[in-house]
Amino acid sequence: MNHEAYLVDTETTDKKDGECIELACYALTPSCELGEGFALRYKPSKPMAWGAMATHHILPHELEACPPHTQARKDLPAMTYMVGHNIDFDWKVLGEPPVKRICTLALARYVWPKLDSHSLSAVLYYVSSDKEGAREMLRGAHSAHVDVHINQIVLRHIIEQTKVKNIQELWELSELARIPTVMPFGKYRDEPISRVDKGYALWYSKQPDTDPYILIAFRKAGLLK
């Protein structure tokens, strides 16, 4: 396969340092339709967390005959853009390949800021005129294959709302949407970025694994040089 953008979703053994047990990867056409792709499962090298199992309902014995989880990174096709809901999670699970990431979670928050939830399921219900049809589709949610198809619907509505003309513009909007206007955690959680103390911003900037988009927000607010 040789395409510019792919919609990607993974299911994993756990949230932290998880191993990929299911990968769905489908080409995204210029008209925002799903093209060729695949959905494959993999055998992990460690036990699954109960919380992860309760989310995706994949049982360990179902993976016994599957290739090892390390194969998922090898199966990932070359691409310029990787699209997904909270795409950083999938990107890290897949070894942080050199791609431009487009996060539909950030875009959904940007386009519909007043929604009480921006989970993939909640946004699908919001954009769907057929709520019963949405419910039927969501019965398979947290299968990577189903989640990619749900995300394609959500992405199409985002594009309709934002009027972006191509994948590069969508990536640029995603980059903008990823810069927070309020603090997502810590002592200033839910406070506007402009109200964060400069000392706190400096302290955060020196921590390991900082969020680069929060640092951009701090700089835009004049809290960091």
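Just so we're clear, the structure is a prediction, and the values are computed from it rather than from any experiment.
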message: Taking salt bridge (charged side-chain N to carboxylate O under 4.0 Å, His left out) as the definition, give me every residue that meets it alongside E169, ordered by chain and number, with sequence neighbours left out.
response: none
query: Does the pair R178 and I214 meet the rule for a side-chain contact (heavy atoms from CB on, under 4.5 Å), with working shown?
result: CA-CA 9 Å; R178 285 162 69 106; I214 291 178; over 6 Å; no
field: All side chain to side chain donor-acceptor pair (under 3.5 Å) counterparts of T29, not counting sequence neighbours
entry: S31
message: To the nearest 0.5 Å, what is the distance between CG on L120 and CG on L138?
response: 8.0 Å
field: Short side-chain to backbone donor-acceptor contact, S174 and C103, under 3.5 Å
entry: yes
message: Assigning hydrophobic clusters by single linkage (Ile, Leu, Val, Met, Phe, Trp, Tyr; side-chain heavy-atom cutoff under 4.5 Å), is Y81 placed with V148?
response: yes
- line: Heavy-atom nearest pair, T162 first then L173, reads CG2-CD2, 3.5 Å
message: Less than 4.5 Å apart, side chain to side chain, heavy atoms only: is that true for F89 and T12?
response: yes
- prompt: Are L105 and I158 connected, step by step, through hydrophobic side chains (Ile, Leu, Val, Met, Phe, Trp, Tyr) whose heavy atoms are closer than 4.5 Å?
  reply: no
message: I'd like to know whether D197 forms a side-chain contact (heavy atoms from CB on, under 4.5 Å) with L223, so could you lay out the CA-CA distance, the side-chain angles of the two residues, the decisive distance to 0.1 Å, and finally the verdict.
response: CA-CA 8 Å; D197 180 77; L223 302 175; over 6 Å; no
message: Please give me the minimum heavy-atom distance between S117 and A122, naming the atom from each residue.
response: OG-CB, 3.5 Å
query: If you take all heavy atoms of C20 and A72, which pair is closest and at what distance?
result: SG-CB, 3.9 Å
message: Looking at D147, is its backbone amide N or carbonyl O close enough to the side chain of D9 to form a donor-acceptor pair, meaning the two atoms are under 3.5 Å apart?
response: no
task: Answer yes or no: is there a side-chain heavy-atom contact under 4.5 Å between M137 and I153?
output: yes
- request: Output yes when a side-chain donor or acceptor of S128 lies under 3.5 Å from a complementary backbone atom of K131, and no otherwise.
  value: no
query: Which atoms form the tightest heavy-atom contact between V123 and A108, and what is the distance?
result: CG2-CB, 4.2 Å
query: Going from NZ on K100 to CD1 on I87, what distance comes out if it is rounded to the nearest 0.5 angstrom?
result: 15.5 Å
Side-chain polar contacts of residues 40-53 - donor-acceptor pairs under 3.5 angstrom, sequence neighbours left out - could you list them?
from, atom 1, to, atom 2, distance (Å)
R41, NE, E22, OE2, 3.0
Y42, OH, D75, OD2, 2.7
K43, NZ, E64, OE1, 3.1
S45, OG, E19, OE1, 3.2
S45, OG, E19, OE2, 2.6
K46, NZ, D17, O, 2.7

- prompt: Under 4.0 Å between a Lys/Arg side-chain N and an Asp/Glu carboxylate O for E191 and R195?
  reply: yes
query: Is there a side-chain contact (heavy atoms from CB on, under 4.5 Å) between I179 and I193 once you walk through the steps?
result: CA-CA 10 Å; I179 302 172; I193 292 290; over 6 Å; no
Spatial distance of atom CZ (F38) from atom CG (L76) [nearest 0.5 Å]: 6.5 Å
query: Which residue, H145, Q152, E36, E33, forms the side-chain hydrogen bond (donor to acceptor under 3.5 Å, both in side chains) with Y26?
result: H145
- line: Residue set satisfying side chain to side chain donor-acceptor pair (under 3.5 Å) with E136, at least two apart, ordered chain then number -> R139
- prompt: Are I150 and L7 connected in the hydrophobic side-chain network, where two residues link if heavy atoms are under 4.5 Å apart?
  reply: yes
message: Measuring only between side-chain heavy atoms, which start at C-beta, is E62 closer than 4.5 Å to L59?
response: yes
message: Test of understanding: clusters of I, L, V, M, F, W, Y form through side-chain heavy atoms closer than 4.5 Å, transitively. Do I159 and L107 belong to the same one?
response: yes
query: How long is the span from the CG atom in L155 to the OG1 atom in T104, to the nearest 0.5 Å?
result: 7.0 Å
- request: Kindly compute the distance separating CZ (R73) from CG (L94), expressed to the nearest 0.5 Å.
  value: 7.5 Å
task: For a side chain to side chain contact (heavy atoms under 4.5 Å, CB included) with V8, tell me which candidate from M82, R101, H85 qualifies.
output: M82
query: How many angstroms lie between atom CG of L170 and atom CD of E175, to the nearest 0.5 angstrom?
result: 11.0 Å
query: Are any of the side-chain heavy atoms of R156 and V127 separated by less than 4.5 Å?
result: no
Cluster check V182, L215: I/L/V/M/F/W/Y, side chain < 4.5 angstrom: no
- prompt: What's the shortest heavy-atom distance between G186 and Y200, and which atoms?
  reply: CA-OH, 3.8 Å
query: How close do Y204 and T210 get, heavy atom to heavy atom, and via which atoms?
result: O-CG2, 2.9 Å
- line: R219 meets the salt bridge (charged side-chain N to carboxylate O under 4.0 Å, His left out) criterion, sequence neighbours left out, with none
task: Would you mind listing every ring pair (Phe, Tyr, Trp, His ring centres under 6.0 Å) that reaches into residues 93-120, with sequence neighbours excluded?
output: W112-Y126
message: Let's go through M183 and F185 carefully: what are the C-alpha distance in whole Å and the side-chain angles of both, what is the deciding distance for side-chain contact (heavy atoms from CB on, under 4.5 Å) to 0.1 Å, and is it a yes or a no?
response: CA-CA 6 Å; M183 276 298 291; F185 56 80; 4.0 Å; yes
